[in-house]
2 protein chains.
Amino acid sequence: MMAHSPNGLMIRKLESIFSLCEEERQALARLPVQVTTFKADQDVVRIGDRPSQSCLLLEGFTCVYKLTAEGKRQIVAFHVPGDIPDLQSLHLKVMDNSVATVSACTLGFIPHEALHDICNRYPRITAALWRETLVDASIFREWMTGIGRREAYHRMAHLLCELRVRLTMVGLVKDQTFDLPITQTELADAIGASTVHVNRVLQELRADGLIRSKGTQVSILDWERLKAVGDFDPLYLHLRQDGNA
Amino acid sequence: MMAHSPNGLMIRKLESIFSLCEEERQALARLPVQVTTFKADQDVVRIGDRPSQSCLLLEGFTCVYKLTAEGKRQIVAFHVPGDIPDLQSLHLKVMDNSVATVSACTLGFIPHEALHDICNRYPRITAALWRETLVDASIFREWMTGIGRREAYHRMAHLLCELRVRLTMVGLVKDQTFDLPITQTELADAIGASTVHVNRVLQELRADGLIRSKGTQVSILDWERLKAVGDFDPLYLHLRQDGNA
DNA sequence: CGCCCTCTTGAGGTTACTCAAATATGGTGG
DNA sequence: CCACCATATTTGAGTAACCTCAAGAGGGCG
């Protein structure tokens with residue numbers, strides 16, 4: 001659907017943060033990226049692993065999750081094309097979470113060595129990657145606030161708002177509609193609710209005329225009201241321009 | 001109680017991650033730090049602010065919090081001496097959360113300019129500070145997992161485990177006892193529960209012989225069982241040595 | 001001594017969970 | 001193209017965890 005050159009996706013992303021000079025752009029283009037495809041529901045890295053590479057998501061959706069001793073799962077993040085789900089492993093040797101595909105995915109693996117190399121040479125690229133991890137952290141804070149202090153109905157609206165904005169940034173939203181190949185069980189694990197409750201909350205959002213869904217396609221029928229219901233303020237995404245276009 | 005030189009605290013912290021060379025140590029010692037004291041319950045920075053400095057916590061406890069539209073508060077992090085609660089503002093211009101003191105505090109403010117300067121000159125210091133923000137993010141993930149998937153009784157045990165380990169790292173635990181000047185309302189905002197429920201959960205932890213408290217002093221009576229109840233694995237804190245000494 | 005803040009207790013109500021089963025959907029092979 | 005299977009969604013009913021409201025009991029400080 002997109003992502004011709006894996007490096008191109010990354011370059012475009014960094015360009016949205018600051019203007020790269022020619023030298024930086026070429027250094028990024030030279031990064032060795034090993035492209036691999038995954039089926040849905042496969043672990044990419046697991047808690048306890050010590051990866052020697054990070055993965056750039058080129059196509060599809062991934063999630064970051066943790067399990068409790070009781071075997072319950074919490075999804076702490078979804079990632080969309082252009083994101084680097086395990087960038088943290090560049091500086092934290094042992095994974096404290098797992099990363100799995102949600103849909104079929106194309107991933108580009110970049111050796112840590114190459115990333116360290118480019119960071120040592122180009123401080124602005126270091127800053128941009130650091131910034132990426134800071135935005136991830138900001139999203140964690142926002143999700144935590146939702147899980148701790150908002151009801152499930154509002155959390156679901158909030159999540160849909162966030163996905164709509166992030167997918168817009170990478171050109172995956174058309175006519176207020178985007179593909180969301182995420183099951184209700186996965187949505188439940190993300191918002192900290194049961195599958196049954198997510199089902200009821202989604203029905204309520206549909207009944208209230210906020211969204212519509214056909215298969216994996218989700219359409220937002222009333223963006224302003226959905227934002228209001230979700231208590232959604234895109235500030236925490238730290239976008240250049242806000243994604244309301 | 002500690003922290004003679006503000007810079008000393010930071011140097012000791014970074015030394016626990018990697019060995020600084022003399023030049024790096026001196027550069028850190030030269031960082032301009034403006035020391036200020038705060039009373040309890042005061043905002044240090046607010047959501048929406050665009051700080052030109054970051055603050056190093058020298059004494060006391062601070063928290064990071066967000067508010068929902070309904071006016072409910074979620075505390076997403078506590079910080080202990082040696083932490084830099086708003087280090088993120090070095091690369092994210094607008095604050096997406098507020099930072100407040102929980103107890104009376106001493107803070108050292110360091111201009112972003114000086115931090116950028118030292119980062120440009122010493123890539124290993126950049127890496128260490130980046131790593132700090134990654135550990136913060138790891139803690140967010142763990143808290144989110146707790147709030148989403150563990151019951152309040154277990155979350156409270158988990159939080160006490162975490163504070164015990166982090167305070168041990170900075171020498172603030174003696175005989176399984178530490179000072180915890182955090183009200184039950186604040187604990188409630190941190191674990192995503194009501195004050196009433198926190199009160200009952202604490203009583204249960206005491207009745208179960210896991211902890212004891214006198215005023216703001218908390219003693220851990222059975223570390224192994226508290227860890228088990230809290231489903232606590234210190235992996236996510238990414239310590240050099242585990243804090244079980 | 002009295003005030004304010006925090007902690008504690010009780011009671012009733014709500015959100016959301018679990019268990020269980022039925023229905024729909026989508027992909028696959030005959 | 002259809003039958004079949006696995007997976008996902010939907011529904012119902014009973015239950016548990018937790019919340020809100022309200023009021024009383026410390027406890028530290030001016």
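Note on naming: letters A, B, ... go to the chains in the order of the sequence lines (proteins, then strands), and numbering restarts at 1 for each one.
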**Position toward the 5' end of DNA chain C (nearest nucleotide), A/V201 or B/Q184** = B/Q184
**Item:** Interatomic spacing from CG in B/L226 to CD in B/Q176 - rounded to 0.5 Å
**Value:** 10.0 Å
Shortest side-chain distance from [X], nucleotide among [options]:
{"X": "B/R206", "options": "C/dT8, C/dA11, D/dA17", "result": "C/dT8"}
{"X": "B/Q203", "options": "D/dT10, C/dT8, D/dC18", "result": "C/dT8"}
{"X": "B/V196", "options": "C/dA16, D/dA17, C/dG10", "result": "C/dG10"}
{"X": "B/H197", "options": "D/dC18, C/dT8, C/dA16", "result": "D/dC18"}

Rounded to whole Å, please give me the gap between [atom1] in [X] and [atom2] in [N].
{"X": "A/E70", "N": "C/dC17", "atom1": "CD", "atom2": "P", "answer": "13 Å"}
{"X": "B/R73", "N": "D/dC19", "atom1": "CZ", "atom2": "P", "answer": "15 Å"}
{"X": "A/L202", "N": "C/dA16", "atom1": "CG", "atom2": "P", "answer": "13 Å"}
{"X": "B/Y153", "N": "D/dA16", "atom1": "OH", "atom2": "P", "answer": "19 Å"}
{"X": "A/D189", "N": "C/dC17", "atom1": "CG", "atom2": "P", "answer": "11 Å"}
{"X": "B/R200", "N": "C/dT8", "atom1": "CZ", "atom2": "P", "answer": "11 Å"}
{"X": "A/Q217", "N": "D/dA8", "atom1": "CD", "atom2": "P", "answer": "18 Å"}
{"X": "A/L205", "N": "D/dT10", "atom1": "CG", "atom2": "C1'", "answer": "16 Å"}

**Message:** Assuming nearest nucleotide by heavy-atom distance, tell me which of A/E186 and A/R149 is located more 5' along DNA chain D.
**Reply:** A/E186
**Request:** Using a 4.5 Å cut-off on heavy atoms from C-beta on, say whether the side chain of A/V35 contacts that of A/F109.
**Result:** no
**Message:** Taking 4.0 Å as the cut-off, does a side-chain nitrogen or oxygen of A/N199 come that near to OP1 or OP2 on D/dT10?
**Reply:** yes
**Message:** Check this one for me: any side-chain N or O of A/R150 less than 4.0 Å away from OP1 or OP2 of C/dT15?
**Reply:** no
**Asked** Ion pair present between B/D43 and B/R46, side-chain N to carboxylate O less than 4.0 angstrom?
**Response** yes
**Asked** Thinking salt bridges, do B/R166 and B/E162 make one under a 4.0 Å N-O criterion?
**Response** yes
**Request:** Check every strand shown and say whether B/K72 touches a base, only sugar-phosphate, or nothing at a heavy-atom separation below 4.0 Å.
**Result:** sugar-phosphate
**Message:** At 4.0 Å (heavy atoms only), tell me whether B/S194 reaches a base, stays on the sugar-phosphate, or touches nothing.
**Reply:** base
**Asked** Between A/Y65 and A/H79, does the ring centre distance come in under 6.0 Å?
**Response** no
